[in-house]
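Report on one structure; see the data block that follows.
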Protein chains: 2
Amino acid sequence: MVSTRERIVGASSALFMERGYAGSGLKQIAQASGAPIGSLYHHFPGGKGELAAETLRASGRAYQSLVEAIFDAAPDLVTGVEWCFDGAAETLRTTDFADACPIATVALEVASSDESLREVTAEIFEGWLRALTARMAAGGINPEPARELATMLVASLEGGFLLCRAAKDTAPMAAIGAAMVELVRGALPSNQH
Amino acid sequence: MVSTRERIVGASSALFMERGYAGSGLKQIAQASGAPIGSLYHHFPGGKGELAAETLRASGRAYQSLVEAIFDAAPDLVTGVEWCFDGAAETLRTTDFADACPIATVALEVASSDESLREVTAEIFEGWLRALTARMAAGGINPEPARELATMLVASLEGGFLLCRAAKDTAPMAAIGAAMVELVRGALPSNQH
DNA sequence: GTCTATAGCTTGATAGAC
DNA sequence: GTCTATCAAGCTATAGAC
């Protein structure tokens with residue numbers, strides 16, 4: 001059973017990913033969710049900003065769970081990193097490069113123009129970095145470089161989504177994944193420097 | 001002497017960077033450039049799409065020249081990479097995190113909704129990758145990993161802009177720069193594997 | 001080439017019946 | 001809670017005087 005509210009957030013998330021925040025109209029979101037515009041304002045009295053904040057938080061949580069599940073299922077850290085980039089490339093391919101990061105486009109749009117939404121995106125990214133830093137440490141990386149590697153992983157994945165969507169080609173994600181794997185491998189204490 | 005046309009493109013570039021494509025109105029662009037809306041349609045009969053294409057191409061060329069100049073001025077490849085990330089962090093700091101990549105926000109917005117603008121962004125990124133691949137090779141990196149490292153550099157720089165603007169903090173860029181330097185250093189043939 | 005006025009449409013948001 | 005009708009303001013784009 002999916003509530004009207006959940007359908008609105010789902011439609012909003014999909015449209016934000018494909019067309020961004022300013023490019024997605026409330027009428028469009030209402031239509032895609034099958035609800036009239038009045039229902040939207042019933043569930044989100046704060047209007048578009050409130051809906052966006054809730055959409056970003058829900059998508060951010062879902063993505064974090066997905067990445068955590070990948071790392072928890074992988075036999076070791078390096079394999080987890082490989083699976084992340086392979087999975088991202090696979091998703092891009094099967095959705096005609098529409099399904100990428102649900103936060104990035106909106107985050108860039110609002111960073112300098114909507115302070116309260118900027119804070120929401122900052123909290124989401126910080127949550128991702130904390131979760132990944134913990135996985136890095138659990139995988140054998142020293143505490144200090146763990147945060148740096150987690151940051152590099154998120155940044156390169158986001159940059160990979162950007163380059164792949166622009167080019168309609170997954171080659172950049174493959175190159176970035178390979179580089180990221182080498183970086184993580186080199187940071188494992190078992191390696192010589 | 002700056003022509004009306006150049007002022008329109010300049011205002012358009014700044015607004016696209018801060019608010020994106022859909023979020024920047026033509027009236028806003030006209031006002032920021034000091035030209036009436038009629039002049040805008042005189043210089044760009046194709047309307048918003050044509051203005052955006054020209055704005056993206058001009059900003060893309062300017063950014064490519066900037067990065068090329070940094071690498072050409074640096075004493076060696078690793079120093080060039082360091083300067084890129086230091087410069088990016090410095091620009092973010094001095095512009096209150098408004099001045100980042102002039103292509104990324106628009107590229108994500110149009111990737112799945114405007115095919116002709118998507119192609120423009122793809123060409124710009126490809127130009128950057130070619131220029132950086134050449135610099136990597138000139139700096140001593142073997143031909144094969146040169147393109148991979150160039151891709152990683154662009155992706156991590158773009159991801160760094162995203163994380164820094166969202167957090168209003170340059171710490172992510174510093175972490176990413178350090179990781180990127182290590183990656184390039186490890187790929188130099190003078191190093192052991 | 002520059003500029004004003006405005007058409008035609010869509011936006012975010014609200015009021016109120018049911 | 002659901003849905004329709006509507007408002008004021010914004011948008012892109014055009015027409016036409018100068």
Side-chain angles (χ1 to χ4, degrees), chain A residues 1-56 58 105-106 108-110 112-118 120, chain B residues 1-56 58 105-106 108-110 112-118 120:
Chain A
M1 188 52 199
V2 180
S3 68
T4 299
R5 188 189 172 88
E6 286 167 322
R7 277 185 294 114
I8 292 172
V9 171
S12 173
S13 177
L15 277 167
F16 286 175
M17 239 189 308
E18 285 185 29
R19 321 173 64 87
Y21 178 61
S24 303
L26 288 183
K27 283 185 180 169
Q28 221 176 341
I29 293 170
Q31 188 181 7
S33 70
I37 191 104
S39 281
L40 204 150
Y41 276 94
H42 171 76
H43 291 287
F44 304 96
K48 196 178 187 182
E50 185 185 345
L51 170 59
E54 175 120 348
T55 299
L56 288 169
T105 312
V106 180
L108 288 177
E109 285 182 274
V110 303
S112 301
S113 59
D114 189 318
E115 181 61 11
S116 81
L117 281 179
R118 180 198 66 78
V120 172
Chain B
M1 189 52 202
V2 180
S3 69
T4 300
R5 188 190 171 88
E6 285 167 324
R7 278 186 293 114
I8 292 172
V9 171
S12 173
S13 176
L15 277 166
F16 286 174
M17 240 187 310
E18 285 184 31
R19 319 173 66 88
Y21 178 62
S24 303
L26 288 182
K27 283 183 179 172
Q28 223 176 339
I29 293 169
Q31 190 180 8
S33 69
I37 190 106
S39 281
L40 205 150
Y41 275 93
H42 171 74
H43 291 287
F44 303 95
K48 198 179 188 183
E50 185 186 343
L51 171 59
E54 174 121 349
T55 299
L56 289 169
T105 312
V106 179
L108 288 177
E109 286 182 273
V110 304
S112 301
S113 59
D114 188 317
E115 180 62 10
S116 80
L117 281 180
R118 180 198 67 77
V120 173

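Atoms considered below: every heavy atom in the structure, side chains included; atoms not considered: hydrogens, waters and symmetry mates. The chains referred to below are lettered A, B, ... by the order of the sequence lines, with proteins before strands, and numbering in each begins at 1.
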Using heavy-atom distances to pick each residue's nearest nucleotide on DNA chain D, tell me which of A:Lys27 and A:Ser39 is more 5'. A:Ser39
Closest nucleotide among [options] to the [X] side chain:
{"X": "A:Ile37", "options": "C:dT2, C:dA13, D:dC3", "result": "C:dA13"}
{"X": "B:Pro36", "options": "D:dT4, C:dT4, D:dA13", "result": "C:dT4"}
{"X": "B:Lys48", "options": "D:dA13, D:dT2, C:dT11", "result": "D:dA13"}
{"X": "A:Tyr41", "options": "D:dT14, C:dG1, C:dA13", "result": "C:dA13"}

Atom [atom1] of [X] to atom [atom2] of [N]: distance rounded to whole Å?
{"X": "B:Gln31", "N": "C:dC3", "atom1": "CD", "atom2": "P", "value": "14 Å"}
{"X": "B:Leu26", "N": "C:dT6", "atom1": "CG", "atom2": "P", "value": "20 Å"}
{"X": "B:His42", "N": "D:dG16", "atom1": "NE2", "atom2": "C1'", "value": "15 Å"}

Hey, does B:Gly25 reach any base, or is it just sugar-phosphate, or nothing, if we go heavy atoms under 4.0 Å? sugar-phosphate
Which part of the nucleic acid, if any, lies within reach of B:Ser3 when heavy atoms closer than 4.0 Å are counted: base, sugar-phosphate only, or nothing? nothing
Just how far is it from atom NZ of A:Lys27 to atom CG of A:Leu40, taken to the nearest 0.5 Å?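 Rounded to the nearest 0.5 Å, the NZ-CG separation comes to 12.0 Å.
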Going from OG on B:Ser12 to CG on B:Leu56, what distance comes out if it is rounded to the nearest 0.5 angstrom?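 The OG atom of B:Ser12 sits 8.0 Å away from the CG atom of B:Leu56.
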Just by distance, do the side chain of A:Glu109 and the backbone of B:Gly23 share a donor-acceptor pair under 3.5 Å? no
Closest heavy-atom contact between B:Val110 and B:Arg118? CG2-N, 3.9 Å
Can you find a side chain N or O atom of A:Thr4 that sits less than 4.0 Å from OP1 or OP2 on D:dT2? yes
